[in-house]
Amino acid sequence: MRTRIVSILQREEPLDEVEVAGWVRTRRDSKAFSFIELNDGSCLRSIQIIADADLPTYGEVSRLATGAAASIKGKLVPSQGKNQKWEILASEVRVLGECPEDYPLQKKGHSREFLRSIAHLRPRTNLFGAVFRVRSRLAHAIHTFFQERGFVYVHTPIITGSDCEGAGEMFRVTTLDPHAAKRQHDADDFFGRPTYLTVSGQLEGETFACALADIYTFGPTFRAENSHTSRHASEFWMIEPEMAFCDLQGDMELAEEMVKALIGDALTHCEDDLKFFNQFVDKGLLERLEHVVTKPFERVTYTEAVEILLQSKQSFEYPVEYGLNLQSEHERFLTETHFRAPVTVCDYPKDIKPFYMRRNDDEKTVAAMDLLVPEIGELVGGSQREERIGLLEENMRAHELSMEDYGWYHDLRKYGSVPHAGFGLGFERLIMFVTGVANIRDVIPFPRTPGSAAF
RNA sequence: UCCUGCAUAGCUCAGCGGUAGAGCGGGUGGCUGUUAACCACUAGGUCGUUGGUUCGAAUCCAACUGCAGGAGCCA
């Protein structure tokens, strides 16, 4: 019965009999014995195994090249060496899978670009093992956060007939033959209408919030944008809570509370992995994360943010002017130079925001908010939704949205309309922020980006 | 979609107009309670593709392809 290396390394007492299984990271031979570093992915650290040359199964040891899979039985004893508390004196070594010499992973550093080209093997490295353990932990923490607060987890559809206007270009889902000679009609398609991969579960999420009050979605999202940056992927995961009887204030509070809770969870449950990132990926990581958890987030209105930027005497490539969107450089100035902390910006001009956002009393702005963090930029985008039927209809007309497509969404205002609000949080961006890993391609197992869908 | 940069051994890179190099990894041998061990030997490359300039191109120029960074859009 195999024991995970993570629990062996935490032990206080030696063990007469223990069995481990994993992949060889490195082997160092001498005449009398071999040192084997074995990693099973349960934690960052490997366990050192001493295989004595007298072992009946010592012949197996020579087959244990870097990358080979093995199971080992033996005794857990205090290590004579300096760098580890425990080691296993092997009594039996069994090769499960050999690893030939063309194994691409070496003991030394590889570039992230190269590792992306072997995405099927990169979780065997220290860095990617740590990233994906943290990803798993954060996914768990998200469910815990919402379930503890009584939110209901809703599975919104992946294939959808509606687009969440303003969210981006969509992938078409079709069974029509692209090479057909005859012209084909939408009515002949699989669903009898055009369908797409979802760009957001928000609109469907709103329908459930208007029934179960507090809900969240957590699932994959697809954008066919030709974005070529380190922060965009064509397939990514998003968390979208939606709350009835809630205004923008409550929305911002939940977003801030959530970011703090998730980072706090990672700090307590992924200590070794975060220390590793702090040492090898981003020297200021732990300090920044502690800071985010303990200090209150800054909060400004869009109008105030524009004032700050205008008075900053900073020269920006893009103009700062009321009515224009904040550019990446402006957001970075606010989080990295001016406040040196996460900032929530709210009440944006209505003309630069989508149709579903609630108009403020000033008639110029909408109840929207973006939570900006240093390095990453926009981590959360959300709003209070327009619950007043007349104003929603006005917005739908202005955006040329048909009642045929959005009638069901409009119904929510017709039948028992309530104030409600929600936001979307990009899961990969959260992982980037927590790990310090700068490229979105390195925090999702098999990244999909324009021109690239290997594996 | 726009702007910029890069492409040389399995990997990381040096060479930047005159016969292709190092470290790591691989193989062989040695040595040692080792720690990305160490020592010796060894195999391994149409210098991304196509075209041009030149007596001569990995090196200069152009196009293409791929990758990366930034912008826009957004999460």
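Letters A, B, ... are given to chains in the order of the sequence lines, protein chains preceding strands, and every chain is numbered from 1. Atom set for the values below is all heavy atoms of this structure, side chains included, hydrogens, waters and symmetry mates excluded.
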Exercise for the section: Would you give a per-nucleotide map of nucleotides 3-13 of chain B, 5' to 3', where B means the base has a protein non-hydrogen atom under 4.0 Å away, S means only the sugar-phosphate does, and - means neither? Expected result: -------BSS-
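Here A:A233 lies in heavy-atom contact (under 4.0 Å) with a base. In this structure, A:E428 reaches neither bases nor backbone, as no heavy-atom distance under 4.0 Å exists between it and the strands shown. Heavy atoms of A:I239 sit nowhere under 4.0 angstrom from any nucleic acid atom. If you check every strand for non-hydrogen atoms under 4.0 Å, A:I440 touches a base. Note on A:R441: only backbone sugar-phosphate atoms sit closer than 4.0 angstrom, heavy atoms only; bases stay farther off. Within the 4.0 angstrom heavy-atom criterion, no nucleotide atom of any strand lies near A:S117. Residue A:E240 is classed as having no contact, given no heavy-atom separation below 4.0 Å to the nucleic acid. Residue A:Q80 is in base contact, counting any heavy-atom pair closer than 4.0 Å across all strands shown. Across all strands, A:Y103 comes closer than 4.0 Å to no nucleic acid atom at all (heavy-atom distances).
Separation of the C1' atoms belonging to B:A68 and B:C60 is 24 Å when rounded to the nearest angstrom. With P as the reference atom, B:C74 and B:C6 are 32 Å apart, rounded to whole Å. On the P atoms, B:A57 is 11 Å away from B:U53, given to the nearest whole Å. Using C1' as the reference atom, B:G45 and B:G21 are 11 Å apart when rounded to the nearest Å. With both ends at atom P, the span from B:U8 to B:C13 equals 9 Å, rounded to whole Å. For the P atoms, the distance linking B:U50 with B:A58 amounts to 13 Å, nearest Å. B:G52 and B:C16: their P atoms are spaced 26 Å apart (whole Å). Going from the P atom of B:G23 to that of B:C41 covers 10 Å, rounded to whole Å.
Per the geometry, CD belonging to A:E375 stands 15 Å off C1' belonging to B:G70, to the nearest Å. Rounded to a whole Å, the CG atom of A:L105 is 12 Å from the P atom of B:G26. Residue A:H232 contributes atom NE2, which lies 7 Å from atom C1' of B:A75 at whole-angstrom precision. With rounding to whole Å, A:L326 atom CG is found 14 Å from B:C73 atom C1'. When the P atom of B:A75 is taken as reference, atom CZ of A:R223 falls 5 Å away, rounded to whole Å. The CG-P distance, from A:D52 to B:U34, rounds to 16 Å in whole Å. The separation between A:I376 atom CD1 and B:C74 atom P is 18 Å, rounded to whole Å. Rounded to whole Å, atom P of B:U28 lies 11 Å from atom CG of A:D29.
When Watson-Crick and G-U wobble pairs are counted only if both distances are under 3.5 Å, B:A75 pairs with no nucleotide at all. The base-pairing partner of B:A63, taking Watson-Crick or G-U wobble contacts with both distances under 3.5 Å, is B:U49. If you check B:U54 for Watson-Crick or wobble pairing at under 3.5 angstrom, you find it has no partner at all. In this structure, B:C11 forms a base pair with B:G23, meeting either the Watson-Crick or the G-U wobble geometry with both donor-acceptor distances under 3.5 Å. Here B:U35 sits opposite no nucleotide as a Watson-Crick or G-U wobble pair (both hydrogen-bonding atom distances under 3.5 Å). Figure legend. B:G69 is base-paired to B:C3; pairs are counted as Watson-Crick or G-U wobble with both atom distances under 3.5 Å.
A heavy-atom distance below 4.5 Å is found between the side chains of A:R172 and A:Y196. A:P342 places none of its side-chain heavy atoms less than 4.5 Å from the side chain of A:V259. Taking 4.5 Å as the limit, every side-chain heavy atom of A:I158 sits out of range of all side-chain heavy atoms of A:V173. A 4.5 Å side-chain heavy-atom check between A:V380 and A:M258 finds every atom pair outside the cut-off.
Relative ring orientation between A:H110 and A:F114 is described as tilted, the plane-to-plane angle lying within the 30° to 60° band.
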Handout entry: Chi angles and distances behind the side chain to side chain donor-acceptor pair (under 3.5 Å) call for A:S383, A:R385
Key = CA-CA 6 Å; A:S383 66; A:R385 322 305 187 187; 2.6 Å; yes
Practice task
Walk me through it: do A:Y216 and A:Q147 pass the test side chain to side chain donor-acceptor pair (under 3.5 Å)?
Solution key: CA-CA 9 Å; A:Y216 68 106; A:Q147 297 286 339; 2.9 Å; yes
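With A:V24 as the fixed residue, the side-chain contact (heavy atoms from CB on, under 4.5 Å) test singles out one of A:V61, A:L64, A:I49: A:L64.
Judged by a 6.0 Å distance limit and a 45° cone about the ring axis, A:K353 is not positioned over the six-membered ring of A:Y302. The side-chain tip of A:R448 does not point at the ring of A:F446 from less than 6.0 angstrom away and within 45° of straight on.
Residue A:K31 places at least one side-chain N or O under 4.0 Å from the OP1 or OP2 atom of B:C31. For the OP1/OP2 pair of B:A75 and a distance below 4.0 Å, the side-chain nitrogens and oxygens of A:T221 include no atom meeting the criterion. Between A:N226 and B:G72 there is no side-chain N or O to OP1 or OP2 distance below 4.0 Å. Residue A:T26 has a polar side-chain atom (N or O) positioned under 4.0 Å from OP1 or OP2 of B:A37. Residue A:N439 places at least one side-chain N or O closer than 4.0 Å to OP1 or OP2 of B:G69. One finds a side-chain N or O of A:Q327 lying less than 4.0 angstrom from the OP1 or OP2 phosphate oxygen of B:G72. At least one side-chain nitrogen or oxygen of A:S230 sits closer than 4.0 Å to the OP1 or OP2 atom of B:G70. Proximity of A:R429 to the phosphate of B:A75: no side-chain N or O atom is located under 4.0 Å from OP1 or OP2. Dashed line: the shortest gap from a side-chain N or O of A:R112 to OP1 or OP2 of B:C67 is not under 4.0 Å.
Side chain to side chain, A:Y409 and A:E206 meet the donor-acceptor criterion of an N or O pair below 3.5 Å.
Stacking here means ring centres nearer than 5.5 Å and ring planes tilted less than 30 degrees, and by that measure A:F236 stacks onto B:A75.
Atom CZ of A:F208 has 12 or fewer neighbouring heavy atoms from other residues, nucleotides or ligands inside a 6.0 Å radius.
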Nucleotide N/O to protein N/O under 3.5 Å, stretch nucleotides 40-50 of chain B:
none

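Of the charged side-chain nitrogens involved, at least one lies within less than 4.0 Å of a carboxylate oxygen, so that A:E12 and A:K85 count as a salt-bridged pair.
Ring pair A:H330/A:Y318: centre-to-centre distance not below 6.0 Å.
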